[in-house]
Engineer: 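After the structure tokens below, expect a handful of questions from me.
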Number of protein chains: 2
Amino acid sequence: MESFIKLCKSNNLKITPQRSLIYKELVASKDHPNAEIMYKKVKKTFPAISFDTVYRTLLTFSKIGIADILALPGEPKRFDGNKKGHYHFRCIKCDNIIDINDSSNIIKIPDSISQKFDILDSKIIFEGICDKCKKVN
Amino acid sequence: MESFIKLCKSNNLKITPQRSLIYKELVASKDHPNAEIMYKKVKKTFPAISFDTVYRTLLTFSKIGIADILALPGEPKRFDGNKKGHYHFRCIKCDNIIDINDSSNIIKIPDSISQKFDILDSKIIFEGICDKCKKVN
DNA sequence: GTAAGTGCAAAGGCTTTGCGCACGC
DNA sequence: GCGTGCGCAAAGCCTTTGCACTTAC
């Protein structure tokens, strides 16, 4: 929460109740909600908030590095508050997105590529069927 | 081209001039065009074609496995006809998308993950600055 | 002949923007 | 007080859908 305040100040963003709340909800979210779902979440504790504010705030967060945007074909943007380097697994059945933490260094970028390009970020989404859906089948 | 005809037949898709043309343009595309750009390309040799047909056809192709959809935040879907396992590098300056072929097995999925999930596909986009833009700077 | 494809247009959904008022600093 | 943020509404853009006509098979 303190780091949030610092980040806002260093980006000339004011600390508003709406922003603080959205921030808290975002980092607390283990799923990867889209703006619509975030809106419903924050509305519970802040009924007067507007959808636009939520959407705009999430976009702002992604600009200053608090949130990541997950773009998937055919569905609205999802937002991710977990900024530690990690990847995603998306179940094509239940549509949930599960974090995969990079404890084991999944990615090895060959020198031939890292010499040619400056790689700053990597967006990695595995797709398949999750453990729960495997059981249900 | 023959494999295209086979695929269509096995999916009960008719071989229309529009489809054949879009297919040819797609596999010939080294960039990763969106529907708008594809539309302009095919319009040159088939002026009567409609945007809808191009769009619908590209979606159809992605369903039967001819094309891949690349979803990026803040821009229209791009389509990719190169179906051999490969990854993408996107330059955040010039916005081009460059293929990275997996000759060197960039991805190693740990057993702990592959045992839990059935991983069927992986969408991997590296982001950074390409060699051309590095020089310009 | 029949089912699927195409073209046209219109609707749909997500996202973005403009503007006046409110609020943090 | 000044500049930023908020809420409201409307527009924008990409994408999807319905329908009648045409075409591949």
Side-chain angles (χ1 to χ4, degrees), chain A residues 1 4-26 32-40 42-43 45-64 66-79 95, chain B residues 1 4-26 32-40 42-43 45-64 66-79 95:
Chain A
M1 199 64 203
F4 167 67
I5 293 173
K6 274 189 193 170
L7 252 171
C8 282
K9 287 190 179 169
S10 65
N11 285 281
N12 280 326
L13 298 178
K14 289 174 182 167
I15 318 290
T16 64
Q18 290 94 331
R19 263 183 199 154
S20 306
L21 178 57
I22 293 168
Y23 174 75
K24 272 188 268 183
E25 283 288 356
L26 183 63
H32 303 72
N34 59 32
E36 178 72 25
I37 291 169
M38 277 300 292
Y39 174 54
K40 284 180 186 163
V42 295
K43 210 174 167 60
T45 52
F46 199 130
I49 204 168
S50 79
F51 176 81
D52 311 58
T53 299
V54 175
Y55 201 93
R56 249 189 290 221
T57 301
L58 289 169
L59 292 181
T60 305
F61 283 178
S62 77
K63 275 179 199 156
I64 65 172
I66 291 179
D68 252 357
I69 296 178
L70 263 126
L72 295 163
E75 63 169 282
K77 287 174 185 148
R78 297 193 186 200
F79 296 86
D95 218 49
Chain B
M1 199 63 203
F4 166 67
I5 293 172
K6 273 189 195 173
L7 252 172
C8 283
K9 287 190 178 169
S10 66
N11 285 280
N12 281 324
L13 298 179
K14 288 174 183 168
I15 318 290
T16 64
Q18 290 94 330
R19 263 184 199 154
S20 305
L21 178 57
I22 293 167
Y23 174 75
K24 271 188 268 184
E25 284 286 356
L26 183 63
H32 303 71
N34 59 32
E36 178 72 26
I37 292 168
M38 277 299 292
Y39 173 55
K40 285 179 185 162
V42 295
K43 210 173 167 61
T45 50
F46 198 129
I49 204 167
S50 78
F51 175 81
D52 311 59
T53 300
V54 175
Y55 201 93
R56 251 189 290 222
T57 302
L58 288 170
L59 291 181
T60 304
F61 283 178
S62 77
K63 276 179 199 157
I64 65 172
I66 291 178
D68 252 357
I69 296 178
L70 263 125
L72 295 163
E75 63 169 282
K77 287 175 186 148
R78 297 192 187 201
F79 296 87
D95 217 50

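Every chain is numbered from 1 and lettered A, B, ... according to where its sequence line falls, protein lines coming before strand lines.
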Engineer: More than 12 heavy atoms of other residues, nucleotides or ligands under 6.0 Å from NZ of A/K24: yes or no?
Structural biologist: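 Atom NZ in A/K24 is not packed in, count stays at 12 or less.
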Engineer: Using the test salt bridge (Lys or Arg N to Asp or Glu O under 4.0 Å), find all partners of B/D95 that sit at least two apart in sequence or belong to another chain.
Structural biologist: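 Only B/R78, B/R90 meet the salt bridge (Lys or Arg N to Asp or Glu O under 4.0 Å) criterion with B/D95.
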Engineer: Could you pull out the closest heavy-atom pair between A/P73 and B/A71, with the gap in Å?
Structural biologist: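 Smallest heavy-atom distance, with atoms named: N-CB, 3.6 Å.
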Engineer: Just by protein heavy atoms under 4.0 Å, how would nucleotides 18-25 of chain C read 5' to 3' in B, S and -?
Structural biologist: B-----BS
Engineer: So, does A/R19 use its side chain to make a donor-acceptor pair with the main chain of A/T57 at under 3.5 Å?
Structural biologist: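 Not a single qualifying donor-acceptor pair exists.
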Engineer: Report yes if at least one side-chain N or O of B/S50 is closer than 4.0 Å to OP1 or OP2 of C/dG7; otherwise report no.
Structural biologist: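 Yes, such a contact exists.
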Engineer: Apply side chain to side chain donor-acceptor pair (under 3.5 Å) to A/S50 and list each qualifying residue two or more places apart in sequence or on a separate chain.
Structural biologist: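 Counting only residues at least two positions away or on another chain, A/S50 forms a side chain to side chain donor-acceptor pair (under 3.5 Å) with A/T53.
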Engineer: Just to be sure I understand the geometry, which residues of residues 70-77 of chain A put a non-hydrogen atom under 4.0 Å away from DNA chain D?
Structural biologist: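 Contacts with DNA chain D under 4.0 Å: none.
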Engineer: Which value, rounded to the nearest 0.5 Å, describes the distance between B/N11 atom CG and B/I66 atom CD1?
Structural biologist: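 Here the interatomic distance stands at 8.0 Å.
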Engineer: Classify the angle between the aromatic ring planes of A/Y55 and A/F79 as parallel (below 30°), tilted (30 to 60°) or perpendicular (above 60°).
Structural biologist: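 Rings of A/Y55 and A/F79: perpendicular, over 60°.
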Engineer: Rounded off to whole Å, could you give me the CD-to-C1' distance for the A/E36 and C/dC14 pair?
Structural biologist: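 Result: 10 Å.
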Engineer: Kindly compute the distance separating CG (B/L58) from NZ (B/K77), expressed to the nearest 0.5 Å.
Structural biologist: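 Answer for the CG-NZ pair, B/L58 versus B/K77, is 10.5 Å.
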Engineer: Against A/K40, only a single residue in A/K43, A/M38, A/E36 fulfils side-chain contact (heavy atoms from CB on, under 4.5 Å); can you say which?
Structural biologist: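 Single side-chain contact (heavy atoms from CB on, under 4.5 Å) partner of A/K40 among A/K43, A/M38, A/E36: A/E36.
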Engineer: Look at all strands and tell whether B/A35 reaches a base, only sugar-phosphate, or nothing, counting heavy atoms closer than 4.0 Å.
Structural biologist: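 No contact.
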Engineer: Given axes from five pairs at either end, by how many degrees does the helix from C/dG1-D/dC25 to C/dC25-D/dG1 bend, rounded to 10°?
Structural biologist: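 The end axes of the helix from C/dG1-D/dC25 to C/dC25-D/dG1 are about 40° apart, to the nearest 10°.
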Engineer: Quick check: do A/L59 and A/I69 have side-chain heavy atoms less than 4.5 Å from each other?
Structural biologist: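 A/L59 vs A/I69: side chains touch.
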Engineer: Walking along DNA chain D from 5' to 3', note the first and the last nucleotide with an atom under 4.0 Å from a heavy atom of chain A, and give both.
Structural biologist: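 Here the contact window of chain A covers D/dG3 to D/dA9.
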Engineer: Working to the nearest 0.5 Å, report the span between OG1 of A/T60 and OH of A/Y23.
Structural biologist: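 A/T60 atom OG1 to A/Y23 atom OH measures 15.0 Å (nearest 0.5 Å).
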Engineer: Rounded to the nearest 0.5 Å, how far apart are CG of B/L21 and OG1 of B/T16?
Structural biologist: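 Here the interatomic distance stands at 9.5 Å.
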Engineer: Which residue, B/L7, B/I22, B/D68, forms the side-chain contact (heavy atoms from CB on, under 4.5 Å) with B/F61?
Structural biologist: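 Option passing the side-chain contact (heavy atoms from CB on, under 4.5 Å) with B/F61: B/I22.
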